[in-house]
Amino acid sequence: MLALPYRAELHHNVPLNLEATLFCGQAFRWQKVADNAFQGVVYGEILRLTSRPNALLIESTASRINGKPLRDFAWIYLGLEDNLSELFSPSFISRYPHLYRGASKYFGLRLLRQEPFEALISFMCAQGIGIALIRRQVSLFSLLFGDFIAITEKSFPAPEVLAAARLSTLVKCANNNPIRAKNIRAVAHAVAKGELDLRQLSAPTCDFQTARETLLRYDGIGEKIADCVCLFGLGHREAFPIDTHVRQYLKEWFGIKTSTATLSSKTYRWLCDEARAILGKTNAGLAGQLLFHYWRKDIKGLTAF
DNA sequence: CCCCAGGCAGCGC
DNA sequence: GCGCTGCATGGG
């Protein structure tokens, strides 16, 4: 395994399920490198996280990431500030004890705080195709446009690079989908120009709906993608992305049915409201992720990583 | 060959 | 407002 010069240890007494967190957070470029050890690239540095009882080993190519010491960065990136003690309300637990038991297996799943631009482009690639294909697309962006960090690792490209890229190369990254490639280039251009200010959308002063509506103005970003970017890239905890799996468990577990093949905007928002009514407004995002993971792994038998 | 995979936009009605 | 279809590709 690649030797990383800087290391820190985060001693904590809060629950952390690293594998579920990285998988559900859709950090598509992260890889499992050993038992309880995962490696990724964030803000142009390699980051390796190893989970131990009540401690997290942090190793990196730099002593600071995004201007913060490794310990502080990991705390924010992994969403460890969230209080999990009231994630599921007493009324939810008494009404759905079996779901509570099932989801509790993944207690310690957190909401990632990814790099906003990488999250934005990654989720634009995650439309109606399998995880393997999504991972391939996102990796190609780094392979073709990123800068070397080490022999084996590259950064995610900057907005300026993608904005100036040849369309034919972007098409390769976008699973040969020229429409998606154009959309991605247009969004990268908007970010590069400062017209789409991701830092502003992730500021505490920016509310969720404003961030969401701003993203929705761009082609290639619909309700679900906007919610994903808000939840995992911009730190808006009340976002509740509804994909095909979430739609399935809402129907199966809570009897919330939708008839049509594709969700209209209105129906999508209605489904969100129904889910928030059950899971609680402030906890819906994280609680939904636990249910999502339980549904995928235990009910559908799909594997993470 | 079918349907499904962490959807979106555009079309006809 | 709706419901459907094309986009694109790999796997079951």
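We use all heavy atoms of the structure for the numbers below, so side chains are in, but hydrogens, waters and symmetry mates are not.
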Encode nucleotides 1-8 of chain C as B, S and - characters from 5' to 3', where the letter depends on protein heavy atoms closer than 4.0 Å: B to the base, S only to sugar-phosphate, - to neither. -SSBB--B

Whole-Å distance between [N] [atom2] and [X] [atom1]?
| X | N | atom1 | atom2 | value |
| --- | --- | --- | --- | --- |
| A/Tyr249 | B/dG6 | OH | P | 15 Å |
| A/Arg135 | B/dA5 | CZ | P | 18 Å |
| A/Phe23 | B/dG6 | CZ | C1' | 9 Å |
| A/Ile134 | B/dC4 | CD1 | P | 17 Å |
| A/Ile221 | B/dA9 | CD1 | P | 8 Å |
| A/Ile184 | B/dC8 | CD1 | C1' | 12 Å |
| A/Ile242 | B/dG7 | CD1 | P | 12 Å |
| A/Ile131 | C/dG10 | CD1 | P | 17 Å |

When A/Tyr43 is tested against each of A/Phe156, A/Tyr77, A/Phe73, A/Phe117 for ring-ring contact (aromatic ring centres under 6.0 Å, His included), which residue passes? A/Phe73

Could you check whether [X] gets within reach of a base, just the sugar-phosphate, or nothing at all, counting any heavy atom under 4.0 Å?
| X | value |
| --- | --- |
| A/Cys24 | base |
| A/Glu223 | sugar-phosphate |
| A/Asn183 | nothing |

N-O pairing of [X] and [Y] below 4.0 Å:
| X | Y | value |
| --- | --- | --- |
| A/Lys105 | A/Asp298 | yes |
| A/Arg110 | A/Asp82 | no |
| A/Asp227 | A/Arg212 | yes |

Answer yes or no: does a side-chain N or O of A/Thr244 lie under 4.0 Å from OP1 or OP2 of B/dA5? yes

For B/dA5, does either OP1 or OP2 sit under 4.0 Å from a side-chain N or O belonging to A/Gln248? yes

Row check, A/Phe38 ring normal vs A/Lys32 NZ/CZ: under 6.0 Å, within 45°: no

Do the non-hydrogen side-chain atoms of [X] and [Y] ever get within less than 4.5 Å of each other?
| X | Y | result |
| --- | --- | --- |
| A/Tyr218 | A/Asn183 | no |
| A/Val14 | A/Leu84 | no |
| A/Leu57 | A/Leu49 | no |

With rounding to the closest Å, how many angstrom separate the [atom1] atoms on [N] and [M]?
| N | M | atom1 | value |
| --- | --- | --- | --- |
| C/dT5 | B/dC2 | P | 14 Å |
| C/dC4 | B/dG6 | P | 23 Å |
| B/dC8 | C/dG10 | P | 22 Å |

Co-membership, hydrophobic cluster, residues A/Val41 and A/Ile121, 4.5 Å side-chain: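 A/Val41 and A/Ile121: separate clusters.
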
Given a 3.5 Å cut-off on both pairing distances, which stems involving DNA chain C, each at least three consecutive Watson-Crick or G-U pairs, are present, if any?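 If one scans DNA chain C for consecutive Watson-Crick or G-U pairs, the stems found are B:2-5 with C:9-12, B:7-13 with C:1-7.
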
Is there a donor-acceptor pair closer than 3.5 Å between any side-chain N or O of A/Thr61 and the backbone N or O of A/Glu45? no

Main-chain N/O of A/Ala165 paired to A/Arg185 side chain as donor or acceptor, under 3.5 Å: yes

With a sphere of 6.0 Å drawn around CD of A/Gln31, does it hold more than 12 non-hydrogen atoms of other residues, nucleotides or ligands?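 Open.
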
Under 4.0 Å from any atom of DNA chain C, heavy atoms only: list the residues of residues 288-301 of chain A that qualify, in numerical order. none

